[in-house]
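In this chain, numbering begins with 1 at the start of the sequence shown. Just so we're clear, the structure is a prediction, and the values are computed from it rather than from any experiment.
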Amino acid sequence: MKLSYYLLACLCPIILLSSCKKSNDDIAPDTKSGFTIEFENQVSGSPLTLNTVTYKNANGDDFKINVFKYYISNIKLSKADGSTYAIPESYFLIDASKSELTNISLKDVPTGDYTKIEYTIGVDYARNFAGAQTGALDPVNGMFWTWNSGYIFVKLEGTSPQSKATGNALTFHIGGVVDPNNTIRTFATEINAANPLRIRTDKKPNMHFIVNAAALFTGKTNISFGTLNFTMGGANSVLVADNYANGMFRLDHIHN
């Protein structure tokens with residue numbers, strides 16, 4: 001009898017600990033929380049360092065990057081059961097020159113386990129024709145064509161000795177939403193079901209994406225800076241957008 005009491009006394013803390021651990025991961029109904037996304041800018045696996053470091057594109061051309069900015073918008077999350085949640089008013093400008101603009105925070109997201117994320121690279125059609133706006137879409141950010149009433153989705157500026165432009169400049173301002181020169185692209189990636197994005201009221205997970213600036217210059221078409229070193233919309237911007245649509249972003253890991 002004493003042995004039974006002893007065993008019971010030993011088992012009770014274990015049972016209580018197990019119960020606590022389970023309850024901490026329970027998803028309370030009708031609750032919301034948030035998470036963050038970090039965008040780590042690189043060039044073909046090397047850290048992106050503006051103005052000083054020389055990189056090489058897939059064509060073998062040397063280049064430096066002085067400006068690298070891009071829009072992320074219309075973020076949508078999906079669960080394994082196929083249900084989705086579109087985060088309202090999710091427009092963010094990522095700027096490699098400002099560390100505070102390489103991380104974004106999402107709020108009021110329904111709790112749950114999400115196994116897919118997708119977002120627009122750029123700004124959707126409606127907002128392009130809504131005129132100059134505020135916040136991330138404010139023209140003061142240098143990502144709005146006043147002459148064209150639309151947004152620059154991805155901006156990369158730099159230099160290359162192979163460029164025939166004045167000062168060996170590289171100017172890639174990718175934008176446009178009207179066919180045949182529509183450059184709106186959507187990125188989507190599955191999340192490992194063994195480690196989904198776990199939104200809980202007691203924790204805010206972090207998603208870490210690797211962003212490859214060199215993806216603008218390779219993919220469907222390897223770009224030679226001697227041939228293409230300037231674009232502000234039009235067919236050449238479509239060519240660049242088709243390159244980075246699938247090669248610019250990669251989900252590296254999630255801290256839940």
Side-chain angles (χ1 to χ4, degrees), residues 21-42 69-96 99-128 130 133-137 143 151 153-154 174 177 182-213 215 241-242 244-256:
K21 184 176 181 181
K22 182 178 179 181
S23 63
N24 285 341
D25 199 46
D26 284 345
I27 303 172
D30 301 320
T31 56
K32 296 182 178 181
S33 188
F35 69 103
T36 59
I37 303 179
E38 177 183 356
F39 295 95
E40 181 182 345
N41 297 302
Q42 297 185 356
K69 299 194 278 189
Y70 48 92
Y71 276 111
I72 299 297
S73 64
N74 299 301
I75 300 172
K76 184 168 71 173
L77 302 172
S78 302
K79 295 181 179 179
D81 62 6
S83 60
T84 62
Y85 177 72
I87 300 176
E89 290 300 308
S90 49
Y91 296 88
F92 300 93
L93 176 61
I94 311 302
D95 185 345
S99 58
E100 70 274 16
L101 293 183
T102 57
N103 293 268
I104 64 176
S105 296
L106 292 309
K107 302 178 181 178
D108 298 324
V109 179
T111 52
D113 291 346
Y114 295 94
T115 57
K116 182 179 179 181
I117 183 171
E118 59 184 284
Y119 48 77
T120 298
I121 308 171
V123 180
D124 55 84
Y125 184 96
R127 285 299 181 95
N128 265 270
Q133 296 158 71
T134 59
L137 300 177
M143 296 289 281
Y151 285 91
F153 301 159
V154 177
I174 312 306
V177 299
N182 183 0
T183 59
I184 296 176
R185 298 293 181 268
T186 299
F187 170 80
T189 186
E190 302 290 335
I191 302 171
N192 187 347
N195 187 40
L197 178 66
R198 295 187 176 96
I199 306 296
R200 302 290 188 273
T201 56
D202 62 341
K203 59 183 67 175
K204 297 184 185 299
N206 172 264
M207 303 187 79
H208 187 111
F209 281 89
I210 301 296
V211 186
N212 181 17
D242 285 343
Y244 66 60
N246 295 315
M248 188 168 162
F249 296 93
R250 175 175 62 84
L251 176 59
D252 190 61
H253 62 268
I254 296 176
H255 290 295
N256 276 306

| task | Please determine if K204 forms a cation-pi arrangement with F35, meaning its NZ or CZ atom is less than 6.0 Å from the six-membered ring centre and no more than 45° off the ring axis. | result | no
| task | Would you indicate whether the side-chain heavy atoms of I184 and F153 approach each other to under 4.5 Å? | result | yes
| message | Would Y91 and N74 count as a side-chain contact (heavy atoms from CB on, under 4.5 Å) here? Give the steps. | response | CA-CA 7 Å; Y91 296 88; N74 299 301; 3.7 Å; yes
| If you round to the nearest 0.5 Å, how far is CZ of F209 from OG1 of T189? | 6.5 Å
| remark: In short, I87 meets L77 closest at the heavy-atom pair CD1-CD1, 4.4 Å
| message | I'd like to check V109 versus Y114 (side-chain heavy atoms, cut-off strictly below 4.5 Å). Are they in contact? | response | yes
| said: Using the side-chain contact (heavy atoms from CB on, under 4.5 Å) definition, which of the options R250, E40, M248, Q42 pairs with V211? | reply: M248
| query | If you take all heavy atoms of I199 and G34, which pair is closest and at what distance? | reply | CD1-O, 4.1 Å
| note | For S73 and G122 the tightest heavy-atom approach is OG-O, 2.7 Å
| field | Value rounded to 0.5 Å, distance of CE in M207 from OG1 in T36 | value | 10.0 Å
| request: Check the pair F39, I72 against side-chain contact (heavy atoms from CB on, under 4.5 Å), reporting the backbone distance first and the verdict last. | output: CA-CA 10 Å; F39 295 95; I72 299 297; 4.0 Å; yes
| request: Working to the nearest 0.5 Å, report the span between OG1 of T84 and NZ of K79. | output: 10.0 Å
| Nearest non-hydrogen partners of P196 and T115, listed with the distance | CB-CG2, 4.2 Å
| field | Minimum side-chain heavy-atom gap I104-I94 below 4.5 Å | value | yes
| task | Indicate the ring-plane relationship of H253 and H208, choosing parallel, tilted or perpendicular according to the 30° and 60° boundaries. | result | parallel
| query | salt bridge (Lys or Arg N to Asp or Glu O under 4.0 Å): which pairs involve residues 80-94, sequence neighbours left out? | reply | E89-R127
| field | Gap separating the CG atom of D242 from the CZ atom of R185, nearest 0.5 angstrom | value | 4.5 Å
| What's the shortest heavy-atom distance between G247 and N212, and which atoms? | O-CB, 4.0 Å
| task | May I have all residue pairs that pass side chain to side chain donor-acceptor pair (under 3.5 Å) and include part of residues 99-109, sequence neighbours excluded? | result | none
| query | Can you tell if the side chain of Y71 reaches within under 4.5 Å of the side chain of T120, non-hydrogen atoms only? | reply | no
| query | With ring centroids as reference points, do Y70 and Y244 lie under 6.0 angstrom apart? | reply | no
| note | For N256 and R198 the tightest heavy-atom approach is OD1-N, 2.9 Å
| query | Less than 4.5 Å apart, any side-chain heavy atom of I75 and any of L106? | reply | yes
| request: Please name the residue in the list T111, T31, D113 that meets the side chain to side chain donor-acceptor pair (under 3.5 Å) test with R200. | output: D113
| field | Atom CG of N246: over 12 foreign heavy atoms under 6.0 Å | value | no
| So do the side chains of L251 and F187 get within less than 4.5 Å of each other, counting heavy atoms only? | no
| request: To the nearest 0.5 angstrom, please state how far the CD1 atom of I191 sits from the CD1 atom of I254. | output: 4.5 Å
| request: Please tell me if the side chains of L93 and Y151 come closer than 4.5 Å, counting only heavy atoms from C-beta onward. | output: no
| field | Between OG on residue S78 and CD on residue E190, distance to nearest 0.5 Å | value | 8.0 Å
| request: May I ask you to check whether over 12 heavy atoms, not counting those of K76, lie within 6.0 Å of atom NZ? | output: no
